[in-house]
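Some notes on the structure that comes next.
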Protein chains: 2
Amino acid sequence: MHKTSTINDVARLAGVSKRTVSRVINGSLSVGDGTRERVEKIISELNYSPNTQARGLASSRSYLLGLIYDNPDALYLDDVQRGVLEVCSQLGYELVVHPCRYRSETLVQDCFNFINRSKLDGVIVLPPVSELDHLASALKEAGRPYVRLTSVLLDETRHSVVSDDRAAAAEMARYFAQLGHSDIAFISGPQRYKSSTERMEGFKLGLSAYGIELKPERIIEGNNTYETGIECARQLLTQQPLPSAIFANNDQMAAGVLKAAHDLGIAIPRQLSVAGFDDNLLASRVIPALTTIRRPVRQMAQLAASKIIMDIEHNSKAANNVAAKVAPTLVVRESTARFAEPAA
Amino acid sequence: MHKTSTINDVARLAGVSKRTVSRVINGSLSVGDGTRERVEKIISELNYSPNTQARGLASSRSYLLGLIYDNPDALYLDDVQRGVLEVCSQLGYELVVHPCRYRSETLVQDCFNFINRSKLDGVIVLPPVSELDHLASALKEAGRPYVRLTSVLLDETRHSVVSDDRAAAAEMARYFAQLGHSDIAFISGPQRYKSSTERMEGFKLGLSAYGIELKPERIIEGNNTYETGIECARQLLTQQPLPSAIFANNDQMAAGVLKAAHDLGIAIPRQLSVAGFDDNLLASRVIPALTTIRRPVRQMAQLAASKIIMDIEHNSKAANNVAAKVAPTLVVRESTARFAEPAA
DNA sequence: TTGTATGCGTTATCAG
DNA sequence: CTGATAACGCATACAA
């Protein structure tokens, strides 16, 4: 806790030049074994660690990673942060968080100010901001390492970690079909988001494999929030006949469906099956617990962090070797059941 | 996005020395109006912004704030981050997040490594880590600006933002009493946390004002998690007679109570009133929605950020002028009702 | 009010 | 394999 020591102290005590100490720190191969050991001994005795700012000034690196996002689900964000941190703190990087506004005219400018101000070594971009191609182009052009978390491949694999939402939604469709449901409704997310269209397409495709059609009047667009989940469900559940199952674009909205059904006296899953997407904390807490799709968010975040650090330290080829795809999986809980003819 | 310009470029183009540019940047008063304008014009033309690393090297400041925490509720963390960012991004600071382990032997060392490595200008510490006096002492001794978010005043006001959990719990007690409940149970948090003991004490005190005693067999200690909420509730709800109300130390556990009651066929709020603490997102999403105590977390975070930046920029006296106390409030929803004699 | 010179702790250039 | 020495971009004591 006393005055922190510098490379000069190390050099003096080890009886070498600072250049040599620098070599040791950075793992240069061209240092004699004896010299290296001596320097390392002093380093640990002094509990010395290099000054990041000075290092950055000289080498234009900051050991800082940025996380760019716009107002995601708190639980999703938390998962991402954990995943990223698990990797980056191991490797000596810190994480700087940066909310921004998806719709802002100055989004790109804002992000670059953020990046330049703090001299970020790289950034991880979360959906839906990650779907913005002009941001990605700007990042690429600026030569700034970046990775996008998305629901469908939108970029080179060294810049992508994607969950196959389409396939996952198709799996949900198959599950519904096998339960005997045929009159199924879907509460979609905003159509401007790729994640929304992917899930909808996947669901339709999955259904059609069983000869089931997702009728246009059974599709309502929500906003991925609990509140719009309630609204959409209310619309769906005041029509006659009632659908026997509802698939919502995410868990928040599915929770809203539960609420609306409860208010309308509709029993779940007896009269209505409900499923969500994400498997965030909420999904397992509500009653009945939600059947949903689990996205391995934490793992995606870890991959993103690994990828970006590979890119930073070994240049982009290495980044390609980190997996870029993860598979979401179906989690069956209590909110879905076999189709039963409504009691007269 | 082209090569970023430096203070030298500005100086050259404005026809002044870099010392003068530096003065303008830092808002020194002793600069001629004409000179200042000229410099500012060039600055905006060049879209120049000072290199934080160089700045830090020269003045030992980083414009980085740290957030230290151990595994808090995701929703709580999200609220905090938002609050802090609202303030600090206005004032030119970035936020670096840093999870750590409350019980770790090397906690203090870890935190200092984090702080020193990134040359953080200050740190905000979240509960329960914020309750660790030895960490605070070390921070103080090192002269590093810091602010603790706590449930009871543990430090000088310039280092504290506290929510009066005791008073809030007492208010909940009053509310229960006025609903006619007298056989009340409490699921506490871990007793090693001050927040837990404060809430329990407050609740007891509030009850005793109405001549109601919180019987020892009606107190069970949980772990602030959903799962332990279920377990504790199960113990409470398999005793005879049943308590008519349960107050849980937080919303997660209260949600667990809802689940346990549901499984046991106990109707809420008709047969049992349930309340939580925090008012996190979950509270309003479960069915029935939870009566709870709302902690103004976001506001606390804003205050903490303001306080710490005051400390950094104007030295500790100013930090004292930022409010250090906030009052949680009772939020009545659907999970509580007037006491009704159990039907024979 | 303005400018000069020096230092902050590293990395990088170029010799040896 | 190792060592002087010059950047890196900015702030600040000290002059003018």
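Order of the sequence lines fixes the chain letters, A, B, ..., with proteins taken first and strands second; residue numbering starts at 1 for each chain.
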### Query
Of the residues in residues 48-66 of chain A, which ones touch DNA chain D at a heavy-atom distance under 4.0 Å?
A/Leu57, A/Ala58
### Query
Ion pair present between A/Asp133 and A/Arg148, side-chain N to carboxylate O less than 4.0 angstrom?
yes
Using residues 11-20 of chain B as the side-chain source, report each donor-acceptor pair under 3.5 Å to any protein atom, sequence neighbours left out, with the distance given to one decimal.
{"residue": "B/Arg12", "atom": "NH2", "partner": "B/Asp9", "partner atom": "OD1", "Å": "2.8"}
{"residue": "B/Ser17", "atom": "OG", "partner": "B/Arg19", "partner atom": "N", "Å": "3.3"}
{"residue": "B/Ser17", "atom": "OG", "partner": "B/Thr20", "partner atom": "N", "Å": "3.4"}

### Task
Rounded to the nearest 0.5 Å, what's the gap from CG on A/Leu120 to CD1 on A/Ile312? Could you check?
9.0 Å
### Query
Thinking salt bridges, do B/Asp79 and B/Arg295 make one under a 4.0 Å N-O criterion?
no
### Query
Can you pull the salt bridge (Lys or Arg N to Asp or Glu O under 4.0 Å) pairs that have at least one residue in residues 90-104 of chain A, sequence neighbours excluded?
A/Glu94-B/Arg117
### Query
Can you tell me how far the CE atom of B/Met310 sits from the CG atom of B/Asn320, to the nearest 0.5 Å?
11.0 Å
#### Entry: CG on B/Leu149 to OG on B/Ser163, rounded to 0.5 Å
8.0 Å
### Message
If the helix axis at each end comes from five base pairs, how far does the helix from C/dT1-D/dA16 to C/dG16-D/dC1 deviate from straight, to 10°?
### Response
30°
### Query
With a 4.5 Å heavy-atom cut-off, do B/Ile68 and B/Cys111 have their side chains touching?
yes
### Query
Cationic tip of B/Arg61 within the cone over B/Tyr63's six-membered ring, i.e. under 6.0 Å and within 45° of the normal?
yes
### Under 3.5 Å donor-acceptor pair, A/Arg23 side-chain atoms to D/dT2 base atoms
yes
### Neighbour count above 12 (heavy atom, 6.0 Å) for B/Gln90 CD
no
### Query
For B/Ile25 and D/dG9, what is the distance between atoms CD1 and P respectively, to the nearest whole Å?
13 Å
### Query
More than 12 foreign heavy atoms under 6.0 Å from NZ of A/Lys140: is that the case here?
yes
### Query
Any side-chain N or O of B/Thr35 under 4.0 Å from OP1/OP2 of C/dT2?
yes
### Task
Check DNA chain C against residues 7-22 of chain B and give the residues with a non-hydrogen atom under 4.0 Å, in numerical order.
B/Val16, B/Ser17, B/Arg19, B/Thr20
### Task
Would you kindly say whether B/Ser160 and B/Asp155 are connected by a side-chain donor-acceptor distance under 3.5 Å?
no
### Task
Rounded off to whole Å, could you give me the CG-to-P distance for the A/Asn26 and C/dA12 pair?
7 Å
### Task
Starting from C1' on D/dG9, measure out to CG on A/Asn116 and report it in whole angstrom.
14 Å
### Query
In residues 36-44 of chain B, which residues come under 4.0 Å of DNA chain D by heavy atom?
none
### Task
Using a strict 4.0 Å threshold on nitrogen-to-oxygen distance, state whether B/Lys307 and B/Asp311 make a salt bridge.
no
